[in-house]
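In what follows, every heavy atom counts, from backbone to side chain, and hydrogens, waters and symmetry copies are set aside. Each chain gets a letter, A, B and so on, in the order its sequence line appears, and its residues count up from 1.
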Protein chains: 2
Amino acid sequence: MKLTTKGRYAVMAMVDLATCVDDKPVALSDIADRQEISQSYLEQLFAKLRRCGLLDSVRGPGGGYMLSRPAAEIRISDIILAADEPLKATRCHTGSPQGCIGNRGRCLTHDLWEELSQQVHLYLSSVTLDDVVNKRIIGTAGRFNAQPAAPSIETPQAATLVGGSVAERV
Amino acid sequence: MKLTTKGRYAVMAMVDLATCVDDKPVALSDIADRQEISQSYLEQLFAKLRRCGLLDSVRGPGGGYMLSRPAAEIRISDIILAADEPLKATRCHTGSPQGCIGNRGRCLTHDLWEELSQQVHLYLSSVTLDDVVNKRIIGTAGRFNAQPAAPSIETPQAATLVGGSVAERV
DNA sequence: AATTTCTTGACTTTTTTACTGGGTTTCTCT
DNA sequence: AGAGAAACCCAGTAAAAAAGTCAAGAAATT
């Protein structure tokens, strides 16, 4: 999963849309204004989101965009995957043709990235648009302080799991 | 925390170094060869890692680099933070001066990114170099299935990957 | 018919990454 | 002492990706 500002913009815009509870479509220009994103840029993003079935659009005067389903049924990961689209196969690094099963410790790191990717995805799919709108993001920030990994390694999963809002986190 | 290929390279090189268990320093050129990374590029990375105290260096013939402490005491997050350095304050988006406490739902997303960043950091600081070398990366992939945040949504399949090229300051 | 709005594609700018090359310093070995 | 092997340092650059812009067009409502 790729995390860029593009994905963030997409989420911001979707959150904006989700706060407009009316059944009326919302004009792109309104969202662009509120979120301070260039309208043309948003157009590109919304085109993708629409193609992925996250948005419905209405043309003509009074038209605009609206969520295709309730905010509680849209995961943040859905949005980011749609916006950052290029679901390229996981290649280990820049793009060496021979893949990553080389000699030495070359892709010992493979599993690590794979797992990290899972972690991120799991987290983002545990949060819905509705969670964000209703500030239901719970913070682990203070609970665990970045634990020294040092001498005795405590179970890695300790770090990863905390009950989440709707689903579990990670 | 930023996740880029630069950080990945740094981790790969550190893993490589960690597999050379000897007390002898390892020449940069060897690592560059094995990991197929340009030597000069690695120099830059290693300079940062050294400045952050993760590496010790020995000059002159027979010199090279060595881990400054046991692999079990070096967290992956240490490496990535060192390599991707610019620990700029988490600004919500591109850089609007007014920060992110705007009107409307603007930075409802703030907490989300903040929390995601924590998640990633927590995970990466739960894994040590030694864990990677000894393939002690545990997979959550199957264990928890990403709980549908909503009634019926297909399971989020394979999170594609960590940063294509440019990734995110999560 | 006219206006509002989405839709599309190509295009430009900016930023970042990845890499190169030159030169200097520090060390070891002969 | 001198030669050479390595780390160091700096500045620049080519390419790629991301971020943003522009302009023409199509649908629907008024």
Has A:Tyr65 got a side-chain N or O lying under 4.0 Å from the OP1 or OP2 atom of C:dT7? yes
Write down the distance between CG (B:Leu49) and P (D:dC9), rounded to a whole number of angstrom. 14 Å
What nucleic acid atoms does A:Ala47 come within less than 4.0 Å of, heavy atoms only: base, sugar-phosphate, or nothing? nothing
note: B:Lys6, atom NZ; D:dA16, atom P; distance rounded to Å ~ 18 Å
Along DNA chain D (nearest heavy atom to each residue), the more 5'-positioned of B:Ala27 and A:Gly7: B:Ala27
Out of D:dA19, D:dA7, C:dT28, which nucleotide sits closest to the side chain of B:Leu28? D:dA7
Heavy atoms from C-beta onward define the side chain here; which of D:dC22, D:dC8, C:dT8 lies closest to that of A:Ser40? D:dC22
Taking all non-hydrogen atoms of both residues into account, name the closest pair between B:Ala83 and B:Leu49 and its distance. N-CD2, 4.4 Å
Please determine if a side-chain N or O atom of A:Thr4 lies less than 4.0 Å away from the OP1 or OP2 oxygen of D:dA19. yes
Tightest non-hydrogen contact, residues B:Ile79 and B:Leu54, listed as CA-CD1, 3.9 Å
D:dT21 phosphate, OP1 or OP2, under 4.0 Å from A:Ser38 side-chain N/O: yes
Rounded to whole Å, the CD-C1' distance (B:Glu43 to C:dT24) equals 12 Å
Quick check: on DNA chain C, is the nucleotide nearest B:Val58 upstream (toward 5') of the one nearest A:Arg59, or the reverse? Name the residue that is more 5'. A:Arg59
Report yes if a side-chain nitrogen or oxygen of A:Ser57 is closer than 4.0 Å to either non-bridging phosphate oxygen (OP1 or OP2) of C:dT7; otherwise report no. yes
For B:Lys48 and D:dC9, give me the distance from atom NZ to atom P, rounded to whole Å. 14 Å
Starting at CG of A:Asp56 and ending at C1' of C:dT7, how long is that distance when rounded to a whole Å? 15 Å
In sequence, state the C-alpha distance, the side-chain angles, and the governing distance for B:Glu115 and B:Gln119, and then conclude on side-chain hydrogen bond (donor to acceptor under 3.5 Å, both in side chains). CA-CA 6 Å; B:Glu115 184 54 24; B:Gln119 292 289 331; 3.1 Å; yes
Rounded to whole Å, how long is the line connecting atom CG of B:Leu45 with atom P of D:dA7? 14 Å
Side-chain N,O (A:Arg50) to OP1/OP2 (C:dT7) below 4.0 Å: yes
Quick check on D:dG20: is either OP1 or OP2 less than 4.0 Å from any side-chain nitrogen or oxygen of A:Tyr9? yes
If you go through the side-chain atoms of A:Gln39, does one of them form a donor-acceptor pair with the base of D:dT21 closer than 3.5 Å? no
From the list C:dC6, D:dA5, C:dT4, which nucleotide is the closest neighbour of the side chain of B:Pro61? D:dA5
Any idea which heavy atoms bring B:Gly62 and B:Pro25 closest together, and the distance? O-CG, 3.5 Å
Do B:Gln44 and D:dC9 have a side chain to base donor-acceptor pair shorter than 3.5 Å? no
Find the distance B:Tyr41:OH to C:dT16:P and express it as a whole number of Å. 13 Å
Looking at A:Arg34 and A:Cys20, what are the two nearest heavy atoms and their distance? NH2-SG, 3.6 Å
Specify the separation, in whole Å, of atom CG of B:Leu3 and atom C1' of C:dT16. 15 Å
Do B:Val120 and B:Tyr123 come within less than 4.5 Å of each other through their side chains, counting heavy atoms only? no
